[in-house]
Amino acid sequence: GDTFDDLNKLIKLKIDILYIGNDSNIYKPSNIRFVLESLFRKRIPVITSSKSLVKAGATASVTPNEDLIISETIRRINQLSSGRDTTWPN
């Protein structure tokens, strides 16, 4: 479907919040302003992982701590290779 139709369907579902990922196949410079403005008018907050989208009007940006992800991944690999329990979370 088209981004505008899909957005209108989401709004009709009475969503409380929308996460916009970094997917240039869906959100393009030609439509992101419309998406953000439409959601703003409907008082629907937009969360993203893009600081540039916050500058364009998204409510907030959530950015993963890459150092923490890397160190936790290494720790889990070490646990797995030594035969220890790798149940998540510890």
Side-chain angles (χ1 to χ4, degrees):
D2 150 313
T3 302
F4 305 114
D5 292 338
D6 293 341
L7 178 64
N8 285 324
K9 288 176 189 174
L10 281 173
I11 291 171
K12 287 179 185 175
L13 291 174
K14 301 199 185 292
I15 59 173
D16 295 320
I17 193 167
L18 181 68
Y19 173 78
I20 295 180
N22 293 331
D23 189 340
S24 60
N25 292 317
I26 300 173
Y27 303 106
K28 301 176 182 351
S30 60
N31 67 21
I32 194 64
R33 178 83 49 206
F34 168 80
V35 170
L36 292 171
E37 287 176 0
S38 296
L39 293 167
F40 178 80
R41 275 191 236 106
K42 295 292 184 178
R43 305 183 132 222
I44 299 170
V46 175
I47 305 301
T48 182
S49 57
S50 166
K51 290 178 184 176
S52 62
L53 285 182
V54 171
K55 289 179 183 176
T59 309
S61 174
V62 179
T63 308
N65 181 328
E66 292 177 6
D67 291 336
L68 181 62
I69 292 169
I70 291 168
S71 65
E72 184 64 18
T73 302
I74 291 169
R75 188 177 74 77
R76 296 287 174 176
I77 290 169
N78 289 335
Q79 282 182 329
L80 186 60
S81 65
S82 68
R84 289 183 280 160
D85 182 17
T86 58
T87 305
W88 185 273
N90 251 352

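Source: prediction; values computed, not measured. Each residue takes its place number in the sequence, starting with 1.
- Across all non-hydrogen atoms, the minimal contact from A60 to V54 is C-CG2, 3.6 Å.
- Remark: D67 CG to I70 CD1 distance equals 6.0 Å, nearest 0.5 Å.
- At most 12 heavy atoms of other shown residues, nucleotides or ligands fall within 6.0 angstrom of atom NZ in K9.
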Requested in this report: Would you check, one step at a time, whether the test side-chain contact (heavy atoms from CB on, under 4.5 Å) holds for L7 with L39?
Outcome: CA-CA 9 Å; L7 178 64; L39 293 167; 3.8 Å; yes

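- Remark: E72 CD to Q79 CD distance equals 7.5 Å, nearest 0.5 Å.
- Annotation for L68 and S71: closest pair O-OG, 3.1 Å, computed over non-hydrogen atoms.
- Applying the side chain to side chain donor-acceptor pair (under 3.5 Å) criterion to T73, with sequence neighbours excluded, gives no partner residue.
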Report task. Decide yes or no on side-chain contact (heavy atoms from CB on, under 4.5 Å) for N65 and I69, but give the supporting numbers first. Result -> CA-CA 6 Å; N65 181 328; I69 292 169; 5.8 Å; no

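- Following chains of ILVMFWY side-chain contacts shorter than 4.5 Å, one can reach I17 starting from V62, so the two form part of one hydrophobic cluster.
- Both F34 and I15 are assigned to one and the same hydrophobic cluster, defined by single-linkage of ILVMFWY side chains at heavy-atom distances under 4.5 Å.
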Sequence neighbours excluded and cut-off under 3.5 Å, please list the side-chain donor-acceptor pairs for residues 44-51, or say none.
unit_1	atom_1	unit_2	atom_2	d
T48	OG1	I20	O	2.9
T48	OG1	S50	N	3.1
S49	OG	Y19	OH	3.2
S49	OG	N22	ND2	3.4
S50	OG	S52	N	3.4
S50	OG	S52	OG	2.8
S50	OG	L53	N	3.2

